[in-house]
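Just below is one structure, and these are the notes that go with it.
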Amino acid sequence: MRSLTFVFGTGRSGSTALSRILNAHPDVLSLNEYMASVGDAAFPEGTLSGAQFWQALFRPAPHFERMIRSGLPLPEFLYTRRPGRYSARTTGIPALSLMVLPHLTDDPDGLLDELGADVVRWPERIAAEHHRALFGLLCGRFGRTAVVERSGYSTGWAPGLRDAFPDARFVHMFRDGPDCALSMSRHPGYRTILLLREIKERAGIDSFSELTPEHVRELPAHLSPLLADRFDPALVRDRDLPLRRFGALWSELVTDGTEFLARLPADRGTTLAYEDLLDKPAGELTRLAEFIGVDPEPRWLRTASALLDHTRRGSARSLPAGELAELTESCAAGMRVLRERPIR
């Protein structure tokens with residue numbers, strides 16, 4: 001494995017298309033939603049055996065399982081589009097299988113079996129070393145030399161990933177604030193994120209590990225069912241969530257991402273604006289490839305341009321004037337941070 005890069009940001013910023021673009025490069029191992037899939041469970045303190053590490057990758061993600069069982073699967077859940085031997089209603093879908101492996105192969109069950117047979121035999125070591133070994137195993141399996149992990153809503157992961165992988169590179173990807181916030185408001189995952197944040201605020205907790213039965217009993221009827229094994233998807237789909245809350249979320253995330261990037265050495269971090277990618281795909285992808293450590297092959301650049309969707313640009317301008325003004329105001333803090341950011 002020659003290099004390791006993390007693309008982080010708000011999500012709803014063209015980053016899923018970027019994963020597909022990177023996956024088309026013959027030297028890039030594109031790990032789509034890897035961190036979103038494995039989460040904190042795959043980064044425990046201390047050392048763990050290969051078998052313990054595999055269980056952290058294999059066990060289903062509870063929050064995603066609840067969404068699937070409740071009839072609210074996310075469009076990012078690739079496995080549910082072409083189901084294999086696993087199901088959220090019976091076996092549970094292994095964390096790696098939901099979004100990571102179907103991005104790499106048409107036989108995610110077979111690849112899962114293949115990986116598991118190796119990983120369970122690995123020696124005891126810290127989690128970061130296990131992850132590096134897994135990335136190397138996948139690079140060997142697919143003939144790739146550079147690893148790029150990309151998850152949506154991943155700004156919060158960046159500091160911990162910097163600690164775990166001090167030699168990694170980071171790309172902060174973002175999109176115009178009102179356009180991105182509007183997209184968030186229409187996405188069941190981000191609507192759920194806002195509601196779960198509201199639960200933590202009402203309970204006065206920083207983490208759901210602190211949530212007690214008493215906290216749950218005190219929650220209003222539109223929130224408490226979201227913590228059950230199944231819930232009515234209308235609680236998410238039909239809930240009146242003002243656009244300004246998504247604008248505020250976008251501003252918070254881009255501010256955190258910009259501040260994180262500013263703390264990195266210049267050669268370890270860069271930015272990627274979705275609008276720049278649309279306007280100058282060959283130039284921006286050439287710069288990105290060189291940052292990652294691969295050649296910007298002409299055939300790949302031509303293929304990549306065809307994967308970009310220009311119709312999403314300027315979507316917020318279709319809003320009524322009052323709603324657009326309110327949304328723009330809620331994004332103002334983040335837009336100001338982006339305007340003032342150092343050029344990288």
query: If you measure from CG on Leu98 to CG on Leu74, what distance do you get to the nearest 0.5 Å?
result: 8.5 Å

task: Give the cluster check for Leu319 versus Met335: same hydrophobic cluster or not, with ILVMFWY residues linked at side-chain heavy-atom distances below 4.5 Å.
output: no

Basic-acidic side-chain contact under 4.0 Å: Arg287, Glu284: yes

- prompt: Between Arg150 (side chain) and Val7 (backbone), is there a donor-acceptor pair under 3.5 Å?
  reply: no

message: Would you call the rings of Phe8 and Phe170 parallel, tilted or perpendicular, taking 30° and 60° as the class edges?
response: perpendicular

- request: With rounding to the nearest 0.5 Å, note down the distance linking CG in Leu288 to CG in Leu277.
  value: 8.5 Å

- prompt: Distance from Leu31 atom CG to Asn23 atom CG, nearest 0.5 Å?
  reply: 9.5 Å

field: Single hit among His103, Arg144, Arg20 for side chain to side chain donor-acceptor pair (under 3.5 Å) with Ser30
entry: His103

query: Does Met173 belong to the same Ile/Leu/Val/Met/Phe/Trp/Tyr cluster as Leu182, with side-chain heavy atoms less than 4.5 Å apart forming each link?
result: no

message: Checking the side chain of Ser154 only, and the main-chain atoms of Ala36 only, is there a donor and an acceptor separated by less than 3.5 Å?
response: no

query: Does any N or O in the side chain of Ser87 come within less than 3.5 Å of the main-chain N or O of Arg89, such that one atom is a donor and the other an acceptor?
result: yes

- prompt: Does the pair Leu115 and Leu101 meet the rule for a side chain to side chain contact (heavy atoms under 4.5 Å, CB included), with working shown?
  reply: CA-CA 11 Å; Leu115 294 174; Leu101 300 187; 4.1 Å; yes

Expected output: side-chain Glu149 to main-chain Tyr34 donor-acceptor under 3.5 Å: yes

- prompt: Taking Thr212 for the side chain and His215 for the main chain, is one N or O donor matched with an acceptor at less than 3.5 Å?
  reply: yes

message: For Glu329, is the CD atom crowded, meaning more than 12 foreign heavy atoms sit under 6.0 Å from it?
response: no

query: Are the side chain of Ser305 and the backbone of Pro281 linked by a donor-acceptor contact shorter than 3.5 Å?
result: no

query: Cluster question for you: counting only ILVMFWY and a side-chain heavy-atom cut-off of under 4.5 Å, with indirect links fine, are Val28 and Phe142 together?
result: no

- request: Can you label the angle between the Phe135 ring and the Phe165 ring as parallel, tilted or perpendicular, going by 30° and 60°?
  value: tilted

- prompt: So, does Ser70 use its side chain to make a donor-acceptor pair with the main chain of Phe231 at under 3.5 Å?
  reply: yes

- prompt: Given side chains that start at C-beta, do those of Phe6 and Arg162 come closer than 4.5 Å, heavy atoms only?
  reply: no

- prompt: Is the shortest heavy-atom distance from the side chain of Ile292 to the side chain of Leu22 under 4.5 Å?
  reply: yes

field: Stepwise salt bridge (Lys or Arg N to Asp or Glu O under 4.0 Å) check, Arg132 with Asp167
entry: CA-CA 12 Å; Arg132 281 193 176 277; Asp167 60 339; 2.2 Å; yes

statement: Residues Leu235 and Leu226: closest non-hydrogen pair is CB-CD2, 4.1 Å

task: Compare every heavy atom of Glu76 with every heavy atom of Met99, then report the nearest pair and how far apart it is.
output: CG-O, 3.0 Å

message: Quick check: His131 with Phe43 (ring centres under 6.0 Å apart)?
response: yes

query: Can you tell me how far CZ of Phe291 sits from OG1 of Thr271, rounded to the nearest 0.5 angstrom?
result: 9.5 Å

- request: Give a yes or no on whether Arg81 atom CZ has more than 12 heavy-atom contacts from other residues, nucleotides or ligands under 6.0 Å away.
  value: yes

message: Is the distance from the ring center of Phe77 to that of Phe64 below 6.0 Å?
response: yes

message: Hydrophobic clusters here meaning ILVMFWY residues chained together by side-chain heavy-atom distances under 4.5 Å, can you tell me if Ile68 and Leu195 are in one?
response: yes

- prompt: Is there a donor-acceptor pair under 3.5 Å between the side chain of Thr258 and the backbone N or O of Val337?
  reply: no

query: Just wondering, are more than 12 heavy atoms of other shown residues or ligands nearer than 6.0 Å to CG in Asp106?
result: no

field: Heavy-atom closest contact (Arg312 atom, Asp179 atom, distance)
entry: O-OD2, 4.2 Å

- request: Would you mind telling me which of Gln52, Glu124, His130 makes a side chain to side chain donor-acceptor pair (under 3.5 Å) with Thr47?
  value: Glu124

message: Is any side-chain heavy atom of Leu104 closer than 4.5 Å to one of Asn32?
response: no

task: Determine, for Arg197 against Glu201, whether the closest basic-nitrogen to carboxylate-oxygen distance falls under 4.0 angstrom.
output: no

query: Any salt bridge between Asp176 and Arg313, counting N to O under 4.0 Å?
result: no

Test log, rule side chain to side chain contact (heavy atoms under 4.5 Å, CB included), inputs Val147 and Cys139: CA-CA 8 Å; Val147 177; Cys139 278; 3.5 Å; yes

query: Within a strict 4.5 Å, meaning less than it, do heavy atoms of the Leu161 and Phe260 side chains meet?
result: no

In one Ile/Leu/Val/Met/Phe/Trp/Tyr side-chain cluster, 4.5 Å: Val171, Tyr153: no

query: Which heavy atom of Ala181 sits nearest a heavy atom of Leu327, and at what distance?
result: CB-CD1, 3.7 Å

task: Under the side chain to side chain contact (heavy atoms under 4.5 Å, CB included) rule, what do Arg141 and Leu29 come out as? Steps first, then yes or no, please.
output: CA-CA 10 Å; Arg141 170 68 169 72; Leu29 177 73; over 6 Å; no

Those residues that, when tested against Tyr274, pass ring-ring contact (aromatic ring centres under 6.0 Å, His included) (two or more places apart): none

query: Is a side-chain N or O of Arg237 found less than 3.5 angstrom from the main chain of Ala234, in a donor-acceptor match?
result: no

- prompt: Would you call Arg69 and Asp229 a salt bridge, taking side-chain N to carboxylate O under 4.0 Å as the test?
  reply: yes

field: Flag side-chain contact, heavy atom, 4.5 Å: Trp300 against Asp295
entry: no

statement: Of all heavy-atom pairs linking Pro233 and Gly71, the shortest is CB-O, 4.2 Å

message: Apply side chain to side chain contact (heavy atoms under 4.5 Å, CB included) to residues Trp157 and Asp40 and explain how you reach the verdict.
response: CA-CA 9 Å; Trp157 288 107; Asp40 288 323; 3.5 Å; yes

task: State, yes or no, whether a side-chain contact exists between Val148 and Leu18 at a heavy-atom distance under 4.5 Å.
output: no

message: Nearest 0.5 Å, please: how far is CD in Glu259 from NE2 in His172?
response: 10.5 Å

- prompt: Could you give the distance from CD1 (Ile93) to OH (Tyr79), rounded to the nearest 0.5 Å?
  reply: 6.5 Å

message: Has Ser15 got a side-chain atom pairing as donor or acceptor with Gly11's backbone, closer than 3.5 angstrom?
response: no

- request: Check whether any side-chain heavy atom of Phe246 lies under 4.5 Å from a side-chain heavy atom of Arg12, and answer yes or no.
  value: no

- request: Flag the pair Arg175 / Thr10 as yes when at least one side-chain heavy-atom distance between them is below 4.5 Å, and no otherwise.
  value: no

task: Write down the atom of Tyr190, the atom of Met184, and the distance for their closest heavy-atom approach.
output: CB-O, 3.4 Å

message: Test of understanding: with salt bridge (Lys or Arg N to Asp or Glu O under 4.0 Å), list the residues that count as partners of Arg121, not counting sequence neighbours.
response: Asp118

